[in-house]
*Asks:* 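Mind having a look at this structure? Questions to follow.
Positions are given from 1 along the sequence.
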Amino acid sequence: MLLYAVALCLLASCWAQDCRVDNIQVMPNFDRTRYAGTWYAIAKKDPVGLFLIDNIVADFTIDERGNMTATAEGRVIILNNWELCANMFGTFEDTTNPSKFKMKYWGAASYLQTGYDDHWVIDTDYDNYAIHYSCREVGYDGTCIDSYSFIFSHGSHTVKMPSKIHVQISDLLIYPLSFCQES
C-alpha cells in the first residue's frame, strides 16, 4: 500500500511539473565558499542499493584553487545485519552551472559503493538549510531512474525553511530521518 502511495505522489508531482532531470531548478548564483562547512542530514530520499541510513554528517571544503571536496559519514548495514559507521569521500567537478557538479565518490572500505553522479544544490540559505539532489541514472525520456536527495541543517537537527522549500521537498520525495542519540 505504501508503494502505491509513493508512486501516486511521484505521478502527481510529475503531472504538476516537468520531471526531466535537465529541467530541475537549482540554486541561482551558488557560492561554494559560503557553503563550505559541516552539514547534518535531517531528511533524505534513498537511491537503489547500499546507502547511508542515518547519523549522516557531511563536511564540504574548498582548497586554495577553489576545488570542492567532501567527506561524509553515517550508519550503514551491510551483509543484511552488520551495522557500522561508514566513511565516504567525494570530489566535485565543475559544470557550466555553479550549482551543478559531477561528484565522484568512494567509501573508505571496499564494500562501500563508488559512483560518479550528477550532484546539485537545489536551494540553500548558507546558514540554516540546504537541499541536495543527485541522479545516478537518467532514463531514455530524460527522467531520473535512480536518485537520492538530502535536506541538510548547518547547525542542529531542526531547521526553519521558507514555505517555498516545502514544495521542493515534496517534489523530490524526501522523508525525515530519525537520529540515534549516543549516551
*Asks:* Could you give the distance from CD1 (I122) to OG (S99), rounded to the nearest 0.5 Å?
*Replies:*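 It comes to 8.5 Å.
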
*Asks:* Check whether any side-chain heavy atom of K45 sits under 4.5 Å from a side-chain heavy atom of S147, and report yes or no.
*Replies:*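 K45 vs S147: side chains touch.
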
*Asks:* To the nearest 0.5 Å, tell me how far T71 OG1 sits from M88 CE.
*Replies:*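 Rounded to the nearest 0.5 Å, the OG1-CE separation comes out at 11.0 Å.
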
*Asks:* Quick one: does F150's side chain get under 4.5 Å of I131's, heavy atoms only?
*Replies:*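 A side-chain contact under 4.5 Å is absent here.
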
*Asks:* Strictly by modelled atom types, are T61 and T69 linked by a side-chain donor-acceptor pair under 3.5 Å?
*Replies:*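 Per modelled atom types, T61 and T69 side chains form a pair under 3.5 Å.
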
*Asks:* Can you tell me how far apart OH (Y126) and OG1 (T33) are? Round to the nearest 0.5 Å.
*Replies:*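 Rounded to the nearest 0.5 Å, the OH-OG1 separation comes out at 9.5 Å.
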
*Asks:* Counting the benzene-type ring for Trp, do H132 and Y35 have ring centres under 6.0 Å apart?
*Replies:*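 Distance test on ring centres: under 6.0 Å, yes.
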
*Asks:* Would you please test F101 and E93 for side chain to side chain contact (heavy atoms under 4.5 Å, CB included) and show each step?
*Replies:* CA-CA 6 Å; F101 304 94; E93 294 177 14; over 6 Å; no

*Asks:* With a 4.5 Å heavy-atom cut-off, do K44 and I56 have their side chains touching?
*Replies:*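 Sidechains of I56 and K44: in contact.
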
*Asks:* Determine whether Q25 and W120 make a side-chain contact, defined as any pair of heavy atoms from C-beta on separated by less than 4.5 Å.
*Replies:*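 Heavy-atom side-chain distance check fails, nothing below 4.5 Å.
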
*Asks:* If you round to the nearest 0.5 Å, how far is CD of E137 from CG of D146?
*Replies:*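 Here the interatomic distance stands at 6.5 Å.
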
*Asks:* Identify the two heavy atoms, one from G139 and one from I145, that lie closest to each other, and give their separation to 0.1 Å.
*Replies:*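 Shortest heavy-atom separation between G139 and I145 comes out as CA-CD1, 3.3 Å.
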
*Asks:* Do the side chains of V121 and V26 get nearer than 4.5 Å, heavy atoms only?
*Replies:*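 Heavy-atom side-chain distance check fails, nothing below 4.5 Å.
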
*Asks:* Looking at K104, I'd like to know if its NZ atom is crowded, meaning that more than 12 non-hydrogen atoms belonging to other residues, nucleotides or ligands lie closer than 6.0 Å.
*Replies:*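 Not more than 12 within 6.0 Å, no.
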
*Asks:* Excluding sequence neighbours, so at least two apart, what forms side-chain hydrogen bond (donor to acceptor under 3.5 Å, both in side chains) with T95?
*Replies:*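 Counting only residues at least two positions away or on another chain, T95 forms no side-chain hydrogen bond (donor to acceptor under 3.5 Å, both in side chains).
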
*Asks:* Checking K102 now: which residues fulfil salt bridge (Lys or Arg N to Asp or Glu O under 4.0 Å) with it, not counting sequence neighbours?
*Replies:*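 Counting only residues at least two positions away or on another chain, K102 forms a salt bridge (Lys or Arg N to Asp or Glu O under 4.0 Å) with D118.
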
*Asks:* So does Y129 get a backbone contact from the side chain of T124, meaning a donor-acceptor N/O pair under 3.5 Å?
*Replies:*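 Yes: the side chain of T124 pairs with the backbone of Y129.
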
*Asks:* Among residues at least two apart in sequence or on other chains, which ones pass side-chain contact (heavy atoms from CB on, under 4.5 Å) with S134?
*Replies:*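 Partners of S134 under the side-chain contact (heavy atoms from CB on, under 4.5 Å) test: D117, H119, Y148.
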
*Asks:* So, using salt bridge (Lys or Arg N to Asp or Glu O under 4.0 Å) as the criterion, who are the partners of D63 when residues are at least two apart?
*Replies:*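 With neighbours one apart ignored, the set is R65.
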
*Asks:* Sequence neighbours left out, what passes salt bridge (Lys or Arg N to Asp or Glu O under 4.0 Å) with D94? Give chain and number order.
*Replies:*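 D94: salt bridge (Lys or Arg N to Asp or Glu O under 4.0 Å) contacts with R32.
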
*Asks:* Compare all side-chain heavy atoms of C144 with those of Y133 and state whether any distance is below 4.5 angstrom.
*Replies:*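 When only atoms from C-beta onward are counted, Y133 and C144 do touch, with a gap below 4.5 Å.
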
*Asks:* Could you tell me which non-hydrogen atom of P98 sits nearest to which non-hydrogen atom of T96, and how far apart they are?
*Replies:*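 Taking every non-hydrogen atom into account, CD-O, 3.8 Å.
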
*Asks:* Assign the ring pair W39 / H154 to parallel, tilted or perpendicular, where the plane angle (0 to 90°) is split at 30° and 60°.
*Replies:*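 Ring orientation, 0 to 90° scale: parallel.
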
*Asks:* After noting the C-alpha distance and the side-chain angles of F60 and M68, does the key distance pass the side chain to side chain contact (heavy atoms under 4.5 Å, CB included) rule?
*Replies:* CA-CA 7 Å; F60 295 88; M68 188 162 67; 4.1 Å; yes

*Asks:* Taking side-chain contact (heavy atoms from CB on, under 4.5 Å) as the definition, give me every residue that meets it alongside V57, ordered by chain and number, with sequence neighbours left out.
*Replies:*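 V57 satisfies side-chain contact (heavy atoms from CB on, under 4.5 Å) with T38, Y40, E73 once adjacent residues are dropped.
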
